[in-house]
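No hydrogens, no waters, no symmetry mates; every other heavy atom, side chains included, goes into these values. When a residue number appears, it is its place in the shown sequence, counting from 1.
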Amino acid sequence: MDKNVVGADKYVLGVDIGTTSVKVVLLEQRSRSISACCSLPTAADVAENHSGLQTHEQETGSIISTLNQCVALLPRDQLLRVSSIGVSGQMHGVVLWKPKTGCDWQNRDFFVVKDTSRLVTWQDGRCSSHFLSSLPTPNSHLAVATGFGCATIFWYLRNRPEFLSDFSVAGTIQDYVVCMLCGLDRCVMTPHNAASWGFFNTTTSQWNTEILSEAGFPLVLLPECVGAGGRAGHTVSDWHGIPAHTPVGAALGDLQCSVYACMTAQTDAVLNISTSAQLTYAMPGDFRPPDAPVSGSAVSYFPFFDESYLAVAAALNGGNALATFVEMLSSWMRDLGVEVSGGDSLLYDKLIGCALSQQHSDLVVSPALLGERHHPQLRGAVANISAGNLSLGHVIRALCRGILDNLTSMMPVVLLQEAGVRRVVGSGSALSCNAVLREEAERALHLPLEYGKTADSAVGVAMVVCDRL
């Protein structure tokens, strides 16, 4: 069916580029119903180089290849009738590229990576506390942490300046995708992603250019800021059947899009557990953040839409803590010469089953393997070990409880109650497939928990495009 046929359904494509997977959805424009979706793991992590820097990088080419696979698996007849595209993704990270040659569309209806760096993700730990203390003080209410785009660029400036000389454009991975789709020579970035880089004032929507310039920061790498929900441009070519000249929204943050998809009232809070974990609620419309970071505070204020803010406890440790345990268990079994058919996914299912049959455990697990931004030296720990609580059921139950306890230590339940929160809506891939996490969330939050099965970032960014683009 031709996309211009009168009365033909139109669709919005929502794309979310996560830390471990890419998800795409087609949202029917009038009904807002999900017509089709696809999610695939990126398998893009680069093995750590044993330099002691605690780097965390991903192959940009692997991410884009996964994105192309996902879109290609959607119904072609519906892709032909896509009227607009929205893109969200993992915040804080940075990828660099050359203008005009950042990708290659040659004789294809999709693009591939060309003159582009690896993605340095939000999990990157190369910027030590000592290094961060040497950076200038930002004019922002948000502190700068390792894994933030500006901090990473400062690290390259001081340690590998020749690396930066190869590139003149930078952004998050979702910004890169938008720029390639639209053929932009300069990166455009919304406050969602700009705030996550550091050295950005959300009140004025301006970079701290004077502060950065005095410190020698390469200002050419700072993206142009555009409003959240605004248009970045139009596709420069057909993309898997999506016609050229289709409007594309400026890239958004994955957390904000997840909240947009499932927060239906000001009295809702959102619990998102994917690779990391967040607990958030909306601030009143007239709220303005403080001029500077509150020392030691675990709660940050992220820009949302229309100059509003979200109060966020953003934990670095979420589903990744469970993934690390499963990887450890798999490694031990290989060392013992035991092969598990079905791989890690089967192990996950069996471990969750063990914990579901173990409803209570006095084992205490702190899962802070990566520390937390407000407490970088924090590390994981296990306590109250006894001969009777060492079964896998006990360990997984305690680990899931520890993920929630870590999050609620950052944003205590009393803070939610004082904010008038009456309900918590759950989202995120780790929460969706782990009934033990959901049980522990209800226990920890003392509030009704509803899980929004379709409330994820890909759906959220498609809804933003429907409402605002």
Would you check, one step at a time, whether the test side-chain hydrogen bond (donor to acceptor under 3.5 Å, both in side chains) holds for Ser457 with Tyr260?
CA-CA 8 Å; Ser457 300; Tyr260 196 92; over 6 Å; no
Inspect the contact between [Y] and [X] and indicate whether a charged nitrogen and a carboxylate oxygen are less than 4.0 angstrom apart.
{"X": "Arg397", "Y": "Glu440", "answer": "yes"}
{"X": "Glu57", "Y": "Arg126", "answer": "yes"}
{"X": "Lys98", "Y": "Asp166", "answer": "no"}

Could you go through Ser237 and Asp109, starting from their C-alpha distance and side-chain angles, then the distance that decides it, and tell me whether this counts as side-chain hydrogen bond (donor to acceptor under 3.5 Å, both in side chains)?
CA-CA 7 Å; Ser237 176; Asp109 72 341; over 6 Å; no
Backbone N or O of [Y] within a donor-acceptor pair of the [X] side chain at under 3.5 Å?
{"X": "Ser409", "Y": "Asn406", "result": "yes"}
{"X": "Asn434", "Y": "Ala430", "result": "no"}
{"X": "Ser331", "Y": "Glu327", "result": "no"}
{"X": "Asp268", "Y": "Val421", "result": "no"}
{"X": "His92", "Y": "Ser196", "result": "yes"}
{"X": "Ser128", "Y": "Phe131", "result": "yes"}
{"X": "Arg438", "Y": "Leu431", "result": "yes"}
{"X": "Ser330", "Y": "Val326", "result": "yes"}
{"X": "Ser65", "Y": "Ser62", "result": "no"}
{"X": "Asp306", "Y": "Ser308", "result": "no"}

Inter-residue atom distance [X].[atom1] - [Y].[atom2], 0.5 Å rounding:
{"X": "Leu329", "Y": "Thr324", "atom1": "CG", "atom2": "OG1", "value": "12.5 Å"}
{"X": "Ile352", "Y": "Leu392", "atom1": "CD1", "atom2": "CG", "value": "12.5 Å"}
{"X": "Phe110", "Y": "Trp105", "atom1": "CZ", "atom2": "CH2", "value": "9.5 Å"}
{"X": "Cys400", "Y": "Asp405", "atom1": "SG", "atom2": "CG", "value": "11.0 Å"}
{"X": "Gln256", "Y": "Met263", "atom1": "CD", "atom2": "CE", "value": "11.0 Å"}
{"X": "Arg401", "Y": "Leu437", "atom1": "CZ", "atom2": "CG", "value": "12.0 Å"}

Within the 4.5 Å heavy-atom criterion, are [X] and [Y] side-chain neighbours or not?
{"X": "Trp239", "Y": "Ile85", "result": "yes"}
{"X": "Ser140", "Y": "Phe199", "result": "no"}
{"X": "Asp104", "Y": "Arg108", "result": "yes"}
{"X": "Ile17", "Y": "Val15", "result": "yes"}
{"X": "Gln123", "Y": "Leu370", "result": "yes"}
{"X": "Asn208", "Y": "Phe200", "result": "no"}
{"X": "Cys433", "Y": "Tyr348", "result": "no"}
{"X": "Ile173", "Y": "Thr60", "result": "yes"}

Tell me yes or no: between the side chains of [X] and [Y], is some donor less than 3.5 Å from an acceptor?
{"X": "Asp291", "Y": "His141", "value": "no"}
{"X": "Gln54", "Y": "Asp124", "value": "no"}
{"X": "Asn272", "Y": "Ser427", "value": "yes"}
{"X": "Gln58", "Y": "Asp45", "value": "yes"}
{"X": "Trp122", "Y": "Thr146", "value": "no"}
{"X": "Gln90", "Y": "Thr275", "value": "no"}
{"X": "Ser134", "Y": "Arg158", "value": "yes"}
{"X": "Gln278", "Y": "Ser276", "value": "yes"}
{"X": "Asp16", "Y": "Ser88", "value": "yes"}
{"X": "Thr172", "Y": "Asp175", "value": "yes"}
{"X": "Glu210", "Y": "Asn139", "value": "no"}

Can you give me the closest heavy-atom contact between [X] and [Y], atom names plus distance?
{"X": "Thr190", "Y": "Gly227", "value": "CG2-O, 3.8 Å"}
{"X": "Ala444", "Y": "Val413", "value": "O-CG2, 3.3 Å"}
{"X": "Leu222", "Y": "Cys150", "value": "CD2-SG, 4.4 Å"}
{"X": "Ala251", "Y": "Asn193", "value": "O-ND2, 3.2 Å"}
{"X": "Thr202", "Y": "Pro289", "value": "OG1-CG, 4.2 Å"}
{"X": "Val178", "Y": "Ala232", "value": "CG1-CB, 3.4 Å"}

Go through the steps to decide whether Phe163 and Tyr156 satisfy the test ring pair (Phe, Tyr, Trp, His ring centres under 6.0 Å), and finish with yes or no.
CA-CA 7 Å; Phe163 172 82; Tyr156 277 114; 4.2 Å; yes
Might you work through the side-chain contact (heavy atoms from CB on, under 4.5 Å) test for His234 and Val248, ending with a clear yes or no?
CA-CA 5 Å; His234 298 78; Val248 182; 5.9 Å; no
Using a cut-off of 6.0 Å, state whether more than 12 heavy atoms not belonging to Glu59 lie near its atom CD.
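Counting other residues, nucleotides and ligands, CD of Glu59 exceeds 12 neighbours.
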Side chain to side chain donor-acceptor pair (under 3.5 Å) partners for Asp254, two or more places apart
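Not a single residue meets the side chain to side chain donor-acceptor pair (under 3.5 Å) criterion with Asp254.
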Taking only residues two or more places apart in sequence or in another chain, which ones pass ring-ring contact (aromatic ring centres under 6.0 Å, His included) with Trp97?
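Per chain and number, Trp97 pairs via ring-ring contact (aromatic ring centres under 6.0 Å, His included) with Tyr176.
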Would you say the rings of Trp197 and Phe148 are close, in the sense that their centroids are separated by under 6.0 Å?
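Phe148 vs Trp197: aromatic centres not under 6.0 Å.
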Kindly say whether the aromatic ring centers of Phe305 and His192 come within a distance under 6.0 Å.
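Between Phe305 and His192, the centre distance is under 6.0 Å.
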side-chain contact (heavy atoms from CB on, under 4.5 Å), that's the test. Do Leu310 and Val259 meet it? Break it down for me.
CA-CA 9 Å; Leu310 299 172; Val259 171; 4.1 Å; yes
Please list, one pair per line, the donor and acceptor atoms closer than 3.5 Å that link side chains of residues 295-302 to other protein atoms, with sequence neighbours excluded.
unit_1, atom_1, unit_2, atom_2, d
Ser297, OG, Val299, N, 3.2
Ser297, OG, Val299, O, 3.2

May I have the step-by-step check of side-chain hydrogen bond (donor to acceptor under 3.5 Å, both in side chains) for Ser129 and Gln377, ending in yes or no?
CA-CA 9 Å; Ser129 296; Gln377 287 73 41; 3.2 Å; yes
